[in-house]
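A, B, ... follow the sequence lines: proteins, then strands. Residue 1 opens every chain. Note that the coordinates shown come from a computational prediction; the quantities given were computed from them, not determined experimentally.
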Amino acid sequence: MKLVSAVIKPFKLEEVKEALRTTGIQGMTVTEVSGFGRQRGHTEVYRGAEYQVDFVPKVKLEVLCDDSQSEHVIETIMKTAHTGEVGDGKIWVVDASQVVRIRTGEMGRDAL
Amino acid sequence: MKLVSAVIKPFKLEEVKEALRTTGIQGMTVTEVSGFGRQRGHTEVYRGAEYQVDFVPKVKLEVLCDDSQSEHVIETIMKTAHTGEVGDGKIWVVDASQVVRIRTGEMGRDAL
Amino acid sequence: MKLVSAVIKPFKLEEVKEALRTTGIQGMTVTEVSGFGRQRGHTEVYRGAEYQVDFVPKVKLEVLCDDSQSEHVIETIMKTAHTGEVGDGKIWVVDASQVVRIRTGEMGRDAL
Amino acid sequence: MEISSGDTAWMIVSTALVMFMTPGLALFYGGLVRGKNVLGTIMQSLFALGLVSIIWFVAGYTLAFGPSGNTLIGGLDFLFLRDVGAEPFALAPTIPHSVYMAFQMMFAVITPALITGAVAERMRFRGYVLFLLMWSLLVYSPVAHWVWGGGFLGLGDGNVGALDFAGGTVVHINAGVAALAAIFYIGKRHGFGKEAIHPHNIPMVVTGAAILWFGWFGFNAGSALASNGLAGAAFINTHLATAAAMLGWLAVEWIRNKVPTTIGAATGAVGGLVAVTPAAGFVEPWAAVVIGLAAGMICYGAVSLKAKISFDDSLDVVGVHMVGGLVGALLTGIFATEAISGIEGANGLLYGNAAQLGKQAIAVGVTIGYSFLATLFILKVTDMLVGVRVTHEEELTGLDLSQHAETAYTTVDRGTVATPPVGAGSTSASHSVVQRTAEG
Amino acid sequence: MEISSGDTAWMIVSTALVMFMTPGLALFYGGLVRGKNVLGTIMQSLFALGLVSIIWFVAGYTLAFGPSGNTLIGGLDFLFLRDVGAEPFALAPTIPHSVYMAFQMMFAVITPALITGAVAERMRFRGYVLFLLMWSLLVYSPVAHWVWGGGFLGLGDGNVGALDFAGGTVVHINAGVAALAAIFYIGKRHGFGKEAIHPHNIPMVVTGAAILWFGWFGFNAGSALASNGLAGAAFINTHLATAAAMLGWLAVEWIRNKVPTTIGAATGAVGGLVAVTPAAGFVEPWAAVVIGLAAGMICYGAVSLKAKISFDDSLDVVGVHMVGGLVGALLTGIFATEAISGIEGANGLLYGNAAQLGKQAIAVGVTIGYSFLATLFILKVTDMLVGVRVTHEEELTGLDLSQHAETAYTTVDRGTVATPPVGAGSTSASHSVVQRTAEG
Amino acid sequence: MEISSGDTAWMIVSTALVMFMTPGLALFYGGLVRGKNVLGTIMQSLFALGLVSIIWFVAGYTLAFGPSGNTLIGGLDFLFLRDVGAEPFALAPTIPHSVYMAFQMMFAVITPALITGAVAERMRFRGYVLFLLMWSLLVYSPVAHWVWGGGFLGLGDGNVGALDFAGGTVVHINAGVAALAAIFYIGKRHGFGKEAIHPHNIPMVVTGAAILWFGWFGFNAGSALASNGLAGAAFINTHLATAAAMLGWLAVEWIRNKVPTTIGAATGAVGGLVAVTPAAGFVEPWAAVVIGLAAGMICYGAVSLKAKISFDDSLDVVGVHMVGGLVGALLTGIFATEAISGIEGANGLLYGNAAQLGKQAIAVGVTIGYSFLATLFILKVTDMLVGVRVTHEEELTGLDLSQHAETAYTTVDRGTVATPPVGAGSTSASHSVVQRTAEG
Ligand SMILES: Nc1ncnc2c1ncn2[C@@H]1O[C@H](COP(=O)(O)OP(=O)(O)O)[C@@H](O)[C@H]1O
Ligand SMILES: Nc1ncnc2c1ncn2[C@@H]1O[C@H](COP(=O)(O)OP(=O)(O)O)[C@@H](O)[C@H]1O
Ligand SMILES: Nc1ncnc2c1ncn2[C@@H]1O[C@H](COP(=O)(O)OP(=O)(O)O)[C@@H](O)[C@H]1O
């Protein structure tokens, strides 16, 4: 089993979710995060002083999937989250040694 | 070392935390997340229009533990987070090659 | 590739970010989390009643890096996030089998 | 008498101030509940502003203040506000009748809204609508008539002669007792006594309390029905009692819980406002300070007790409004002096009129008995007709989504995680499975 | 006539109340937009309070109310408020002229602020500044003159004789039509009709609506320009129509969407406030209830329509202010009765004066035509000079950062994730790359 | 003189408006601090409303306004408000004495609350309590006496004859200088000058500013002590100066920082309110506009300077209140004209009375000197007795938890992450380890 994680631009979430859904992914977990990277932050002004804020709002997706699906998940995210501008985000994959569905106790593929 | 992650229903957090604590787990990290899965979202109404919101509030737990404890952690979470209704959530396990306690520099089991 | 995760005290975030940046790390993803551990929570008072809140606000960092960098990243975090007080947090490392940059499709080291 | 433009100015403003209290209450209560119930809680107050105003227009006012020849209920002369116009009315001879009626309307609105705090986070909205309708007509209007409209509890030949300047009995004890009945009928929230049920937004609580305090000047000083020395006395008594009650609560809290809290300051202040309400136009400033101090401390005690007896008065309506109202009503019977009100004989125990304390007790007792029973009856009827409590599932989901299909706070990101407006051209099949959480 | 201290007291308070409405509007609108645009939205109202007040001081007031021999535009006697002092003015003979002027100023401020809701989340701030300046002088002042300042639409020999008690036409239809023009000119938001664009903070919306309701008593009852029975009538009509409109909206919503919403309650109430504005001092209470009910239901319908025709009136200014204003202006022509206003002949259709409906229609028609065209013209000029719409990139980022370099909400943690204030001694080279998001 | 119901109506309302300013300040300041300190900050203002009101009742009022035969401090005739009743008082001959006293009370409440912004996020609550008590009696009451209560700085034979319409010197310079002293004594916050310390909720800041603006009409126009042309003049001057100051600040900011900010608009407005306070009833509208513009620009400058000199005036009390107060006090000496105030000889430099500028300077100078030294003394005493600053640990944790054992915002999920209320029957051993963060 694989855990595919992706950090993307927030306004792309809906599109990515729909794309994954149509390719048969049945679930995912989403977290609001702050990203630091090549995409610079922005300046804020507060009573005459200027501040540099380096973090940019991003959304993190976590998708558990079968080994065979992972390539497909990655591709789907890459395609739909892509704008071509700096800050589009990263995808990474980690091995999950076990997956369980709490409701039924099903394990592995069945738990997805 | 293992990293056990679980996505559960928010109102179960307190119970799960207490259950883990009594079984000897000394720490965990909790994140508020939005889940998408078999449990459908809900409809919202805004000035005559209806919207479908697919994400449901969930809580994610991350528990670092010894390889030997992981089965036990999974079971404890399964038992206490279980309601039998759709949306109870998932548990997954990943191998952690290293764990460090920042305060002391302890590594591995000692760092837990 | 490695994914180094660290839970630290929130007011240390800026310092850690700067330290990582100067050692050549170009990106990271940050999440606000609640931690439970040896550092006890606090009591809250609400209309004559006292409540024990066990969770403490923390910040979680995720840094993807090359295998060779991971030791360095761990050390940097350990040094800068350290206060010596209980609750300084944990660092853990997981293998990432794949990393992709969405904007360019670059993979592996190039994606960082 | 002639209409006084000064009195009218003050009374119009007072009316606006009292109206502002109901949204203030919505914020006060809304901040105290969990985030999933904030809109449901706010709606209960907001909706009262809609429904009770119209009820008052139709029949509520005339049942409370319509001339009737009897001391139990008003007549029907003012149905649909017939003849309630620019000419003054006997009870307020220097202002337009319409202004007096509007002033009283705002009291009718906020009283049932106060009750909702006791059973916050678990009342079914359609049950609430029906409850509100019946309670306004069957409880509020009669009790207002008894005390202020020429009824048997108020001043006047052959009546009990209780003193209630601005509604300690009519508004606060009345609402507090109804709250008590509602808690008995509706029961505890899921998790009460086990989980911490934290207020979700304390600055919102303070904002609400501030609006209440501000609006209460209209409530109490406006009850002078004129812009004069009596209004001035009621104003300063209101403020001093509130300040003293804040200090009273904080003092006890600091000793018992080792820490003075923001919610304590706000709650103590509200307790003081409640307690001084019946007394505002009858007592000296020093007495207002005493009333406030007592109210702050006693309300703290009453509210603390709750946890001990596992009684789920969610936002402490009994502890603050019923208990605070009792403190005020009885102390008015002790501290009242005709030197302030100018009403002959309006003296309390301290000024040689021990009987007044008895009169206060009678009015309080009658109100408690009637309000408790009538409220239970109304809840029973409501329950049979449409149900008063949400389902367990709805309670876990929260009132906002289950009763109103809304989410109070949406972060930027979530803004994108929903499907297009129905009817806006979306035909994506994947959106077709719409499961309604709202029960309506 | 002599200055009346009572009338003056009420009018000063009314002026303060109307001023408070503009920040109320800021919160009402601010809560309805997404979190990334809340400050940009609030700023549009807040800034109007700054800029339009000064414009009014310089020339706005005199163009609207300065004596001029003609019925199209005011004269220049009151430039820079020359001669606008403690002495009363013909239009308000019992209060200082300065108070009358200040009261009118607050109307001039809120009217253009209302427009901003229609094009929320996409207007360029510097474009807005220029738009505000021109719209105030070229649209608001003339229209106010036509209806209230002795112009051809208002009462008086040879004029149309439309009735507009507190600004149904001058304020609401005027702003609503300008909103319509602005939507045509500026276009839709990115994602409109596809993504859900949810309000980010509904308690903030309710807070804003509550302040609007509270302040509107000054707006409408203050338009009696005195503290008397007429003010009382306008007050109670305002309140009843608002309550009825809330119920009207909720009833339709409950039937059609199966659920009554908090935003529905607030929006319905605002619709009622709008609709009763022209009628407040002309109709009986029962008629106010009818107007309110009608407004609540019709505004619901108008707003629902929007989704169908894919018209991005972001916060429903057309659906609420233009449509609500129309309902009110026309129903005033039906329900007006001289028994309330005391103005001879101020009767509507129902009281035998069918012509009044025609007069109302003429005033409405003229305002719609003029406001639409003039607004388009102003937008075109603004666009050519400084641009009226933010870039696509800025829109995605949000107005707060792109127009004002601010973030509305900062959690504790983020407090530490920024670099030192420029000039506070930081010399870290890594901070030197500062990319400005703000376009200014 | 007779009591005027119109004047009384306006003054009661003014008093309520000024009371509302203190919670407004709580929100204004509360939004500007970090989320972990919002309640601690709010509490400082809220608590002043409790404690200072009672102090005023006991002794504050009589020390400021009690008849005394000397020009340094009031006598004790009004201890516990003895004889402060429905009869008018010499200083306000047409309203009940109780109303005048209550009006002044609200000034006494807000003045020390203003100071707290300077040392926000680091003051120990118990130290604050003691500070408040002493500062009220030892600084506020005397200074109020000097300027308004018949003391040596105000009008009257043999006195300096400074003009301070509504408290430029008594309230703003006084509080601003005390703020300066407090910053010197208490020192910087941890991380100041290195980390960005961002406001956590800007809409809350705007809400607070709006309430301040609204309430300030009571503050300034109420200082006419009657409902007349002077009140009208003060009203319009207040509004125009505020609007102009907003524009002034934004103009400079737009040029220097390339962007106009929401906080800038709010802060500029407050600067204008401060600056016009001494002038409101003495100057022409055009002069109010000039004062406002000057204040907006100069306050921007003063506040910007702060970052340069690494002076941790957390919420810019010195930059806005002291500097704004100075601008207003001195410009009053230039622009005052008896044509507005009707006080013979109340002319400034521009109207041929150069001496007035000197008088203003003397009053300002005396106040600065006294307030600075007395504040330092009070802080020293407080520090010795109970401590004025939280510990380093408490500062990192935040005032909310460390001083009040509360968390301002709780998300739904966190609602479940706490243990049962103590005493609610929980016996789970795992809950026994309760570590108190609160230091109390
Ligand atoms: N080394 C990293 N480890 C973890 N997350 C990263 C890393 N680098 C970038 N990210 C995440 O990816 C986001 C986008 O990265 P960025 O470098 O800005 O743009 P791009 O991916 O287009 O080069 C960042 O905001 C951050 O959340
Ligand atoms: N494939 C997945 N990857 C990551 N998280 C998932 C996945 N499927 C489900 N989840 C998480 O688990 C939660 C519960 O899943 P759901 O399918 O709704 O119910 P159940 O687990 O009872 O079948 C989801 O809300 C989501 O947060
Ligand atoms: N076993 C664990 N699994 C996951 N996270 C943990 C674990 N133990 C601790 N943590 C995280 O590390 C933080 C600090 O741990 P704590 O035990 O309080 O202090 P320390 O690391 O100094 O011993 C916790 O708040 C929690 O977020």
Side-chain angles (χ1 to χ4, degrees), chain C residues 3-14 16-17 20 25-64 85-87 89 94 96 99-105 111-112, chain D residues 28 31-34 117 191-200 202 205 209 249-271 296-320 323 411 413:
Chain C
L3 172 67
V4 181
S5 299
V7 172
I8 62 170
K9 293 189 167 164
F11 75 94
K12 281 290 186 183
L13 173 59
E14 187 67 16
V16 172
K17 182 202 75 188
L20 287 171
I25 293 299
Q26 306 224 4
M28 76 190 72
T29 299
V30 172
T31 314
E32 293 179 32
V33 298
S34 299
F36 166 72
R38 278 178 181 72
Q39 181 191 7
R40 312 300 313 187
H42 56 267
T43 302
E44 295 193 13
V45 173
Y46 170 61
R47 288 187 170 168
E50 296 182 11
Y51 296 79
Q52 170 65 9
V53 175
D54 287 330
F55 289 92
V56 191
K58 299 278 170 193
V59 155
K60 186 171 96 173
L61 259 70
E62 289 171 298
V63 185
L64 290 162
E85 308 274 332
V86 67
V94 156
V99 180
V100 186
R101 185 195 307 280
I102 294 173
R103 172 162 49 98
T104 56
L112 293 182
Chain D
F28 184 65
L32 285 169
V33 299
R34 286 166 293 181
F192 174 75
K194 276 181 281 160
E195 294 158 25
I197 305 187
H198 277 286
H200 88 289
I202 302 184
V205 175
W249 178 296
L250 290 178
V252 186
E253 189 175 56
W254 212 332
I255 292 165
R256 291 221 8 184
N257 300 109
K258 308 274 180 302
V259 80
T261 67
T262 312
I263 286 196
T267 310
V270 172
M297 292 174 166
I298 294 173
C299 288
Y300 175 93
V303 164
S304 300
L305 213 69
K306 179 186 74 161
K308 301 240 162 58
I309 60 173
S310 188
F311 179 72
D312 190 11
D313 180 4
S314 316
L315 312 182
D316 299 304
V317 181
V318 178
V320 173
V323 173
T411 60
D413 305 332

*Asks:* Between chain C and chain D, identify all donor-acceptor pairs below 3.5 angstrom, including backbone and side-chain atoms.
*Replies:*
residue	atom	partner	partner atom	Å
C:Arg47	NE	D:Thr267	OG1	3.0
C:Arg47	NH1	D:Leu315	O	3.0
C:Arg47	NH1	D:Asp316	OD2	2.8
C:Arg47	NH2	D:Thr267	OG1	3.1
C:Gly48	O	D:Asn257	ND2	3.3
C:Glu50	OE2	D:Asn257	ND2	3.0

*Asks:* Return the set of residues passing side chain to side chain contact (heavy atoms under 4.5 Å, CB included) with D:Ile298 (not counting sequence neighbours), or none when no residue passes.
*Replies:*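 D:Ile298 satisfies side chain to side chain contact (heavy atoms under 4.5 Å, CB included) with D:Ala294, D:Val323, D:Val327 only.
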
*Asks:* For a 4.5 angstrom cut-off between non-hydrogen side-chain atoms, does C:Val63 reach C:Leu20?
*Replies:*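 Yes, their side chains come closer than 4.5 Å.
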
*Asks:* Taking all non-hydrogen atoms of both residues, which atom of C:Gln39 and which atom of C:Val86 are closest, and how far apart?
*Replies:*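 Taking C:Gln39 first and C:Val86 second, the nearest heavy atoms are N-CG2, 3.7 Å.
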
*Asks:* Check C:Val30 against C:Val59 and note the closest heavy-atom contact, atom names and distance.
*Replies:*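 Minimum heavy-atom contact is CG1-CG1, 3.6 Å.
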
*Asks:* Kindly give the heavy-atom pair with the smallest separation between D:Leu32 and D:Val205, and that separation in Å.
*Replies:*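 Where D:Leu32 meets D:Val205 most closely, the heavy atoms are N-CG2, 3.6 Å.
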
*Asks:* Which atom pair, heavy atoms only, marks the closest approach of D:Cys299 to D:Gly319?
*Replies:*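 Taking every non-hydrogen atom into account, SG-O, 3.6 Å.
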
